[in-house]
Each structure stands twice: as structure tokens, then as C-alpha cells.
Amino acid sequence: MFTELNSILNTTPDSFTQGEFVLLSDRRSDASFLIHHFLSLYLRARCKVLFLGLVQSFNHYSAISQRLGVSLTQAKEKGQLVFLEGLNESLSVLIPRETDTGSEAMGFLRDPAVGLKSLYEFVRSGATSSGVGEQEEWGPPVLLVDDLSVLRSLGASVDAVLDFSHYCRATVCSQLQGNVVMLARCDGEEEEDDGDDEGSERLLRGLTHQCSLTLHVQGLPTGYCRDIHGQVEVCWRRRRGDGRCTHKKLFQYKVHDKGASFFAPGTSSAVL
Amino acid sequence: MLTELLQGTEAGGFLIIQDSASYSGRHLLKSFINAALNREEAVHVLGFEVSEEELTEGLIGSPVQRLHFHNAYSDPLGWTDQPGFTVHQFCLEELTRLVKQTSHPKPATLVIDSLSWILRHVGAPAVCKTLQQLRKGGAVRAIMGLLHVDMHQRGTVGNVCHLATSVITVAPGTKGDEAVAKITKRSKSGKVVQDEEFFSIKTDLTVVIQSMSSQLGHKQADPEESETDPTANLTFNLRLSNTEREAKQKLALPFVFSKEKKTALLHSSPGSGRILYEPDANDDYDQEDPDDDLDV
């Protein structure tokens, strides 16, 4: 986890707001480094983590988490981490073999029109179950999804993905008082489209309406810079104690080997 | 106008709050719910988008008993075995049954959070039909709905808002917690009134309207009473008498190009030299004056 981001979001492994729906988004950039932050944060906080890793293999996440000081393999063995390896599961749906686990989580690939109900069932059973023979009590459940946009490219409609995120929020955030972190990606420029029915922009807007905290990652508007990799706009949407409804802050960041540093615009160590 | 709308809609009224991803209209919707509860009306909420806890956060006191929350949030599509109110139950019969369940002498106000959720699953024609039937039906006195305009096509938004008697579009304001509301109100006689107001919502859900002039930073509108006369209370005289004022106005400033100066410069006085020019073969002598089109 990134300590500077923790102080920006006012979270620590020991105290964090429960019932939050965090939306990570990026436009022509890569916000997946934030997923690693939240993954290591919630594992350190001893929460039960349900990770839908749809874009990369388990080894990829494991290698990066190792650098952040968290072992995914250990967490998985202890039952703290439930990992859905989307790449493997999709393959087993499309090319069934005898050795398959039979998990229907990616079953929507057979018929995308059906919607993501089976994926939701997987999330619900993962979040509510406490495995047989588990010695340790874990904290509130946390769902991480990397990433939602890939569901669209696999054939699910924007409405189906929004329904899925709604149900995840209803179950994990409201019912179980856990947190949900989802990544959604945009490819093009921000268009003022007149209600483009199937589009990553519409998905992003729909998710923004549902969430309580957004972190939007973009490249620097002035272009490429070796020392500053981009900017993050943090937007708190829920009314907080001091009465402010929407509170926005902009930071610049740099990703390095063992983490990422965040700073106010113009205060990069390369500049000062 | 926002205050008038908060004080109550007439029977058969349909209020729509339009919002977008940049500013949520739910806070304003909660203010309207709070105002209706304080008027001792029964309020039925069809909650699709947020849970009961989140919606009732901030609503305090005994009026909350008159608020009936119908849970369409935990399972609106019937995916689990304990569905609450599903989106497919959005029709006249079901809604009338729902509202009549609670016995209250006055017809209730129905709040829909949000219309966008229903429009994503049920087509716009069916939604409009149900809303119109509800308005004419008499089971509910007034309807309030939240609509996310950036989630639908313009035509759909237009169709639904056409049924409304008042439409409030909220957007973030220039500073801090303030937002701007563009209000369109259609009265029964057909008259349409539009207004734009800046407002902010306090923690007790009351709406505070900011005056327009405080928002226009570049225009300083000084009222007359605050203007002080700078030439008063001085030990020297800065005022002008009438003769002095006339002399001042008559004075020709040195760099102002007036008519007298122009004629003096352009017409040379007699006796000064004249310029004779004889072009030879290499010159390209153009008789036309290139400065002819200047208005000097």
C-alpha cells in the first residue's frame, strides 16, 4: 500500500470507512497500480478479500504484491483471499475439460445476454461464506474488481455491468458493511455524446452515480514527463461530517518499483 | 422559485430533479422529502439506488414515521429468493396497492429514487404511461422523481420531463458547496415560468438560496447607499465651480486628433514648398493615392 495515498484518503489498515464504494477510473492511462494499493491495504487490514482478477494472471498480482510486502499465496491458503482468475475461468468455459472446478462465475460468456447474475452469485457466496475449518476470523468483506470494462468487451451490456455493480454494492457495502473497489477504463476523449447507449463513457457515468469515492487517473495535460507519470483526481461524493457534499482534490503521482508517491501539483521532487 | 416548490406542489403535480455525474441531485431530493414530511404528509419512497439508511440519513425527528421506504435496492431484479420491490412491479396496480397499504387520511406523496433505474430496465413508453396513470389516478397526491440525464438519450429525458409540472436541473456551482438550479414550472393554465437560482443545502436539509449578485464576481454591483463622496471632508478643495467645469470641457487635449488639427496638418499654408515629382522610366508611378481609403 502507498502511505501517501493512505494519508490523502485518511485510511489506515486499522481504521477505514466501511460501506464505501470506491471507483478507480482512467482515461488513456493505467490506474491498475491503485488496485495493488487497495489489495495490499485490505489484506493488511485483515479483511476477507474477494478479488476478481479478470485481466491478469494470479502470478502477476502475486509478484507485485510481494514487492509491496504482502503474500497473496499465503493469504489464499489461509482463506483470507478468494481469487477468481478470470483468464483461466473464461478458457474453461469456452473449452470445457474434465479437470474443471465447475465454477459458473464466467458463465455469461456462453450467452452474454443473460447478464452477470452468475458472477454476482460467485461474489455473494465468496463474501458471505466462512470456509469450513477456518481458524481465523476475518474483518468485513472487500470486493476488488480488475476491471469492469473487460466485461463489456466480453459481451455484457453496459446495463448488465451496472446491475452487477449495483448488486455487489447492495450486498457487500450495505448488507455486510464491507467495501467495494472497482476499476473502469475509458479509451477515448471525453465526448459530450447524446446518451451513447453502449459506451465506456456511459458505464463510467453510471458507476460514478453509484459510488462514494472516485479516483480518476489521467496523463498530464501538458504531455509526457519522465518524473511525473500522471495526475489523480480524488473526489469524495458522499456528504461527510463537515457538511460538504462533493470534495475534489488533484494530485500528481509517480510510480516506482516498490510503490507510488503522490504530491500536490508542482511539488514533485524532480522540480523542487 | 425553489422555495415555492419546496413549500408544496399542487395535487397532481410531478416534480423531476435532473442531475448528472458531476453533482448529485439526491441531496435536493432529500430536502424535498424533509419538507413534505414537515408538512405532515405521508411520503412513500421507491428506493432503487440507495439503501434506506443512506436515504434517511439526516432526516430526524418524529416525521420520519410518515416516511415509508419500499426496498427496491437490495434486489430489484429478483436475483435472490427474497426480492423486495422489483423493477417489473412498476405499474399502476402494484403502486396503488403499495401506497394504499398504509392507512393515512391524506393521499400520499410518491418519491422515486430514481427514475433512471427504472428507465434502464423498463422502456420509456411504459414508464410514461404508468406515471401519467398515477397522476390521474388519485392514489398519490404528488410525485417526485430523480433523473440522471447523462444516462439516457435526450429523447427519453425529454419524453419523461414532458409529463412533469416542474423540472429542476442541478449542476455544480462556482464555489464551494453551492449549486445552481435551473427551474422550469408549468402551471395548469399552461403558463411556463423559468428561473435560475444558486442554493446550498445545510446539514439539517434546509435549502438556502444565495442571491444572484453574490455569484457575479466580475460585476461589482454597488448599491447607492454604500457609495461615499470622496471629495467630502478634505482640507483642500477638489470640487469644480460651473465656470471651471466649462473651461475644463472646452480644453483641447494635446494628443486628441480633432477636426481643427486635421485641417491644419493636411492643408499646407501658402508659401511653404511644393513637391514636384517627375518619374523617370524605371519608376512605377501609380497616380492613385494608396492611402485614399483611410478615413483620416
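Naming: A, B, ... by sequence-line order, numbering from 1 per chain. Source: prediction; values computed, not measured.
- Interface residue E54(B): only side-chain heavy atoms are found under 4.5 Å from chain A.
- With hydrogens and angles ignored, the 3.5 Å screen pairs a side-chain donor or acceptor of H166(A) with a backbone N or O of Y73(B).
- Rounding to the nearest 0.5 Å gives a distance of 7.0 Å between CD of E49(B) and CD of Q210(A).
- For R169(A), the parts lying under 4.5 angstrom from a heavy atom of chain B are both the backbone and the side chain.
- Between the NE2 atom in H121(B) and the CG atom in D163(A) there is a gap of 3.0 Å [rounded to 0.5 Å].
- Residue contact with chain B, scored on non-hydrogen atoms closer than 4.5 Å, involves the side chain of E121(A) exclusively.
- Taking all atoms of both residues into account, the shortest heavy-atom contact from W79(B) to L116(A) is CH2-C, 4.1 Å.
- Heavy-atom distances place no part of P172(B) under 4.5 Å from chain A, backbone and side chain included.
- Note that CG of D150(B) and CD of E201(A) are 10.5 Å apart. Values are rounded to the nearest 0.5 Å.
- M151(B) contributes atom CE, which lies 7.0 Å from atom CG of D159(A) (distance to the nearest 0.5 angstrom).
- Heavy-atom distances place the backbone of S20(B), and not its side chain, under 4.5 Å from chain A.
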Intermediate values then yes/no, side-chain contact (heavy atoms from CB on, under 4.5 Å), D19(B) and H209(A):
CA-CA 10 Å; D19(B) 70 355; H209(A) 279 292; 3.8 Å; yes
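- Heavy-atom distances place both the backbone and the side chain of V50(B) under 4.5 Å from chain A.
- For the pair Y167(A) (side chain) and L77(B) (backbone), a donor-acceptor distance under 3.5 Å is present.
- For R237(A) against A21(B), the heavy-atom pair with the smallest separation is NH1-O, 2.7 Å.
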